Student: 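If you scroll down you'll find the structure; I have some questions about it.
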Amino acid sequence: AQSVTQLDSHVSVSEGTPVLLRCNYSSSYSPSLFWYVQHPNKGLQLLLKYTSAATLVKGINGFEAEFKKSETSFHLTKPSAHMSDAAEYFCVVTPSTGFQKLVFGTGTRLLVSP
Amino acid sequence: GAVVSQHPSWVICKSGTSVKIECRSLDFQATTMFWYRQFPKQSLMLMATSNEGSKATYEQGVEKDKFLINHASLTLSTLTVTSAHPEDSSFYICSVYSSGEYNEQFFGPGTRLTVL
């Protein structure tokens, strides 16, 4: 069985300050992990994914995440927040091999103030 | 990656009517598509897996007679909400699965259904 826990339902930052969105996972198998972003009334956009290669994964728009097996974590970070980063972020887990059935976290809403 | 469209982007209907939502893979032949439902301020929940040319596989708790899924071609899957009720109001999102180079799902923009 697989699951993800996003530890914060809301995160508020000021523009130009660092962003940290936390995610812990549980998986019976070697997992693949993803971060998706969803802007209001829009579909999901893939930010980055981990598939058992490099543990530090760089994504689009300056985001990156580090896979830490010992901590079962896959936290999303960005050095400097931009107003356009305000959105809902989902951490997602799936088995790294075989058929893809995504399990979504509950989401973290990122608020960016000027 | 694949480009996925959904139609309509939003729909309002009366209780008891049926609504069809289309999901199209514009540049990729998708043997597998997924349908998700997202209630306000909640996460996405997988409803069903749609396989081209065969019956969809529904997740536990999803009524297959209420949410009819047809995947008649490699570029089109439809979700029909039959006898819709206000509790069916939600954001419905489809995705296509690419097992090749990307091994990931590509999501459509979603359809907001409001049942009065």
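Since this is a predicted model, take the numbers as computed values, not measurements. Numbered from 1 within each chain, the chains take letters A, B, ... in sequence-line order.
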Student: Spell out, yes or no, whether B:L79 and B:F91 are grouped together once hydrophobic residues are joined by side-chain heavy atoms under 4.5 Å, including indirect joins.
Tutor: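 No, B:L79 does not connect to B:F91 through the hydrophobic network.
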Student: Could you state the interatomic distance from CZ (A:F34) to CD (B:Q105), rounded to the nearest 0.5 Å?
Tutor: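 So the CZ of A:F34 and the CD of B:Q105 are separated by 8.0 Å.
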Student: Which pair of non-hydrogen atoms, one from A:F90 and one from B:Q38, has the smallest distance, and what is that distance?
Tutor: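 Shortest heavy-atom contact: CZ-NE2, 3.5 Å.
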Student: Would you say A:V37 and A:I60 are hydrophobically clustered, going by side-chain heavy atoms of ILVMFWY under 4.5 Å?
Tutor: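 Looking at the clustering, A:I60 is in the same group as A:V37.
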Student: Taking C-beta and beyond as the side chain, do A:F104 and B:L46 meet within less than 4.5 Å on heavy atoms?
Tutor: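 SC-SC contact between A:F104 and B:L46 ruled out.
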Student: Should we say atom NE2 of B:H7 is surrounded by more than 12 heavy atoms from elsewhere, each under 6.0 Å from it?
Tutor: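 Check fails, neighbour count at 12 or below.
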Student: Could you give the distance from CD1 (B:I93) to CD (A:Q38), rounded to the nearest 0.5 Å?
Tutor: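 Reported to 0.5 Å precision, the distance equals 5.0 Å.
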Student: So does A:G107 get a backbone contact from the side chain of B:S43, meaning a donor-acceptor N/O pair under 3.5 Å?
Tutor: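 Not a single qualifying donor-acceptor pair exists.
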Student: Is there a path of hydrophobic side-chain contacts, each under 4.5 Å between heavy atoms, that joins A:V4 and A:L110?
Tutor: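 Yes; tracing contacts between hydrophobic side chains, which count when under 4.5 Å, links both residues.
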Student: Is A:L46 reachable from B:Y97 through a run of hydrophobic residues whose side-chain heavy atoms are each under 4.5 Å from the next?
Tutor: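 B:Y97 and A:L46: one cluster.
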Student: Give the C-alpha distance, both sets of side-chain angles, the deciding distance and a yes or no for side chain to side chain contact (heavy atoms under 4.5 Å, CB included) between B:F34 and A:L102.
Tutor: CA-CA 10 Å; B:F34 298 91; A:L102 303 181; over 6 Å; no
Student: With clusters defined by side-chain heavy atoms of hydrophobic residues (ILVMFWY) lying less than 4.5 Å apart, directly or transitively, does B:M47 cluster with B:V115?
Tutor: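 Result: yes, single cluster for both.
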Student: Identify which part of B:Q6 has an atom lying under 4.5 Å from any heavy atom of chain A, answering side chain, backbone, both or neither.
Tutor: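 Contact with chain A involves no heavy atom of B:Q6 at all.
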Student: Looking at A:L44 and B:F107, what are the two nearest heavy atoms and their distance?
Tutor: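 Smallest interatomic distance, heavy atoms only, reads O-CB, 3.8 Å.
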